[in-house]
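All values below were derived from every heavy atom in this structure, side-chain atoms included, with hydrogens, water molecules and symmetry-related copies excluded.
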Amino acid sequence: MDEQRLLKQYFGHKTFRPGQKEIVDHLRAGQDVVGILPTGAGKSVCYQVPALMMEGVTLVISPLISLMRDQVLSLKSAGIPAAYINSSLSPAQLNTVYQRALSGAYRMIYISPERLETDAFLSLTQRLPIAMVAVDEAHCISQWGQDFRPSYLNIANFVDSLPQRPVVGAFTATATDQVRQDIISLLRLQQPFVKVTGFDRSNLFFEVRQHRAVEKPAVLQALLRDRQGKSGIVYCSTRAAVDRVYEDLTLRGFPAVRYHAGLNEAERAKMQEDFQYDRARVMVATNAFGMGIDKSNVRFVIHYNMPLSLEAYYQEAGRAGRDGSRADCILLFSPGDVKTATFLIENSTENEELTPKEQQRHRNLLFRRLQFMEHYCKTSGCYRSNLLSYFGESHADNCGNCANCLRRFRQKDITLEAQMVLSCVHRMQRLLGHPSDAELLCAVLYGSPSLAKDPLHTLSTYGIMSGYSMAAIAETVQQLVEENCLSEDGRHRLSPEPKSDGILFDGVRLMASTSGPTTPAGRPRAAALTAEQQARLDRLLKLREKFSRREGVPPYAILSDAVLTEIAVELPQSFSDLTDLSGVSSEKARRYGRDILRLLHSSAP
């Protein structure tokens, strides 16, 4: 069977998405591959289709138990025999998987990197024909990546230990140039075909809202009320924050669950299942939740705290809108988030396998990433442009689908304010003997009483901006950073750049974009369903829930919300019409088509 027919039969798609077919063809030809595709662009199809066409078993190396379960569940639902090997299996269950693998029962086996070097698995792979090794979330191999896992460094040795070297594919959604080079060298890929399809997710709407920490609970509740009945994730930076937000939401009647590493395994599994099966619409979690999650109907991701890096942010935000429908990515930022992030980096106990020198190098890298993340939170420019620039992708300066692009800006002359700030920077640096951070600079400019007995109190610029609010002063400082008049080091200390001399001494004027008094114009809305189409969709959702309970799988593993919406609009008349729709495979039509067609064309309301 050719790859096009396999794609439709098992995955329900008539055509490959951009980049997929090239990757499939190179893997089938025996060439190693690096695939960089954004979340929701179909990375798994890139190795699952060739796995069905190759003689032997494909091993998929995956970092999280929940990710493996999701993938194997989806494959079985599509009629593809697959299994996983990880610490969640009992010895008896593990032995059953090994025996069935030797009998040829599986086309794909998912395994955690930590399990690759166990004696039992190494013995199995000496007797098992391995056609391909697919490394999922491949950025985990790089110390420059946001989720570095030392166990990934053992993958290349494992591949070399096999009786015959299989073709190797490495896949991830977010990878800078440095991370891509690490993937190639550390996996010891052989003349790989590298495909980068782009990082842009045009269906995602990006927004940053700046609030004081005490305001965030009320802001979050308002956001959730506006999205009532929709599925979404709220990310928090610490376990304690997850517990506080979760308890606050449940106390107020929001259908929320929580997930973090401090919960026992049974509770985590229960919470994740409730979210996957739509019994709870809101998941409050640390970044321990969600890598590779296949739940397609996540309509929003809200970051309650600023993540540590743009890589982490984009990967987590990308868990919204995997079905291609519109989704919101909102970050709630407060200055205290930077302090929390700094504390987390300085006190991280991860990667203890590294030497002290390597740990310090990694820590310095994390602080550098934090600077880019903080800049994103404070920019007045296009959020999408900021993200794509970070990943080295060309882009328009105005995307038309983020909060800043939809908000009307006006140009304001801030020369006077800039001169006061820059003058203070120079004086503070002479007095202290080193650059100061933004928080202390703002306190001096405002004339904070807490500095009344500090030598900084004697500066002529102390209190020079007392007529401004602290927020306005901080905004001016950030604008000077964005205009390259000030630079920040790894400790967020500010130093004047050559451009500042023109403003201070040569009469150069500085104009900056500032938010106007108007509210955002509002993001574009999708065309609304008619009352008849909405009623039809509601009935389809109830039918899917019935299938979900009967088969013990999450609703999205049966048919996505986007597919059901298309069915409600297109009103297919036959099995052939059903399979013509993207996302409805032959297997799905066989299982559910009769009931769907009966529902659509019955006389029931």
Side-chain angles (χ1 to χ4, degrees), residues 17-19 36-43 139 146 172-177 179-180 196-210 223 227 232-233 235 290 298-303 305-333 337 369-410 478-479 481-484 512-516 518-526:
R17 295 177 183 177
I36 315 290
L37 295 84
T39 302
K43 290 185 295 296
H139 62 273
Q146 74 273 18
T172 184
T174 53
T176 59
D177 288 336
V179 173
R180 291 175 216 170
V196 182
T197 62
F199 295 95
D200 191 16
R201 297 277 306 284
S202 59
N203 63 311
L204 299 184
F205 177 82
F206 293 98
E207 181 176 9
V208 177
R209 299 190 180 194
Q210 297 200 26
L223 289 171
R227 292 157 179 81
I233 303 171
Y235 278 110
V298 175
R299 297 270 63 85
F300 62 88
V301 170
I302 297 172
H303 279 80
N305 308 107
M306 179 188 70
L308 299 183
S309 70
L310 282 174
E311 290 97 333
Y313 174 68
Y314 201 44
Q315 188 175 64
E316 291 160 13
R319 285 158 195 161
R322 289 177 63 95
D323 57 4
S325 299
R326 299 175 187 228
D328 295 329
C329 305
I330 302 171
L331 195 161
L332 306 182
F333 173 74
D337 289 344
R369 285 203 192 115
L370 182 60
Q371 283 184 286
F372 285 106
M373 186 71 247
E374 185 179 0
H375 179 265
Y376 172 84
C377 292
K378 295 177 178 178
T379 185
S380 59
C382 171
Y383 292 123
R384 180 171 276 100
S385 170
N386 189 287
L387 287 165
L388 296 180
S389 291
Y390 182 78
F391 291 109
E393 185 171 325
S394 60
H395 52 81
D397 291 335
N398 187 312
C399 73
N401 191 31
C402 77
N404 276 352
C405 288
L406 294 181
R407 183 179 291 118
R408 292 201 293 272
F409 283 90
R410 55 188 171 87
Q478 181 57 31
Q479 286 170 329
V481 173
E482 291 184 14
E483 296 293 334
N484 297 315
S513 294
T514 182
S515 298
T518 56
T519 58
R523 61 166 300 175
R525 295 290 178 184

[X] side chain vs [Y] backbone, donor-acceptor pair below 3.5 Å:
| X | Y | answer |
| --- | --- | --- |
| Asn404 | Thr379 | yes |
| Arg384 | Leu204 | yes |
| Asn203 | Gly321 | yes |
| Asn386 | Tyr376 | no |
| Arg201 | Ala320 | yes |
| Asn401 | Ser202 | yes |

So, for [X] and [Y], which heavy atoms are closest and what is the spacing to 0.1 Å?
| X | Y | answer |
| --- | --- | --- |
| Leu387 | Leu310 | CD2-CD2, 3.7 Å |
| Phe391 | Arg180 | O-NH2, 3.8 Å |
| Val298 | Ala327 | O-CB, 4.1 Å |
| Ile233 | Arg319 | CD1-CB, 4.3 Å |

Any side-chain heavy-atom pair of Tyr383 and Cys329 under 4.5 Å: no
Validation row: Met373, Leu331 side chains within 4.5 angstrom (heavy atoms): yes
Between Phe199 and Tyr390, ring centroids under 6.0 Å: no
CZ on Phe205 to CZ on Arg326, rounded to 0.5 Å: 10.5 Å
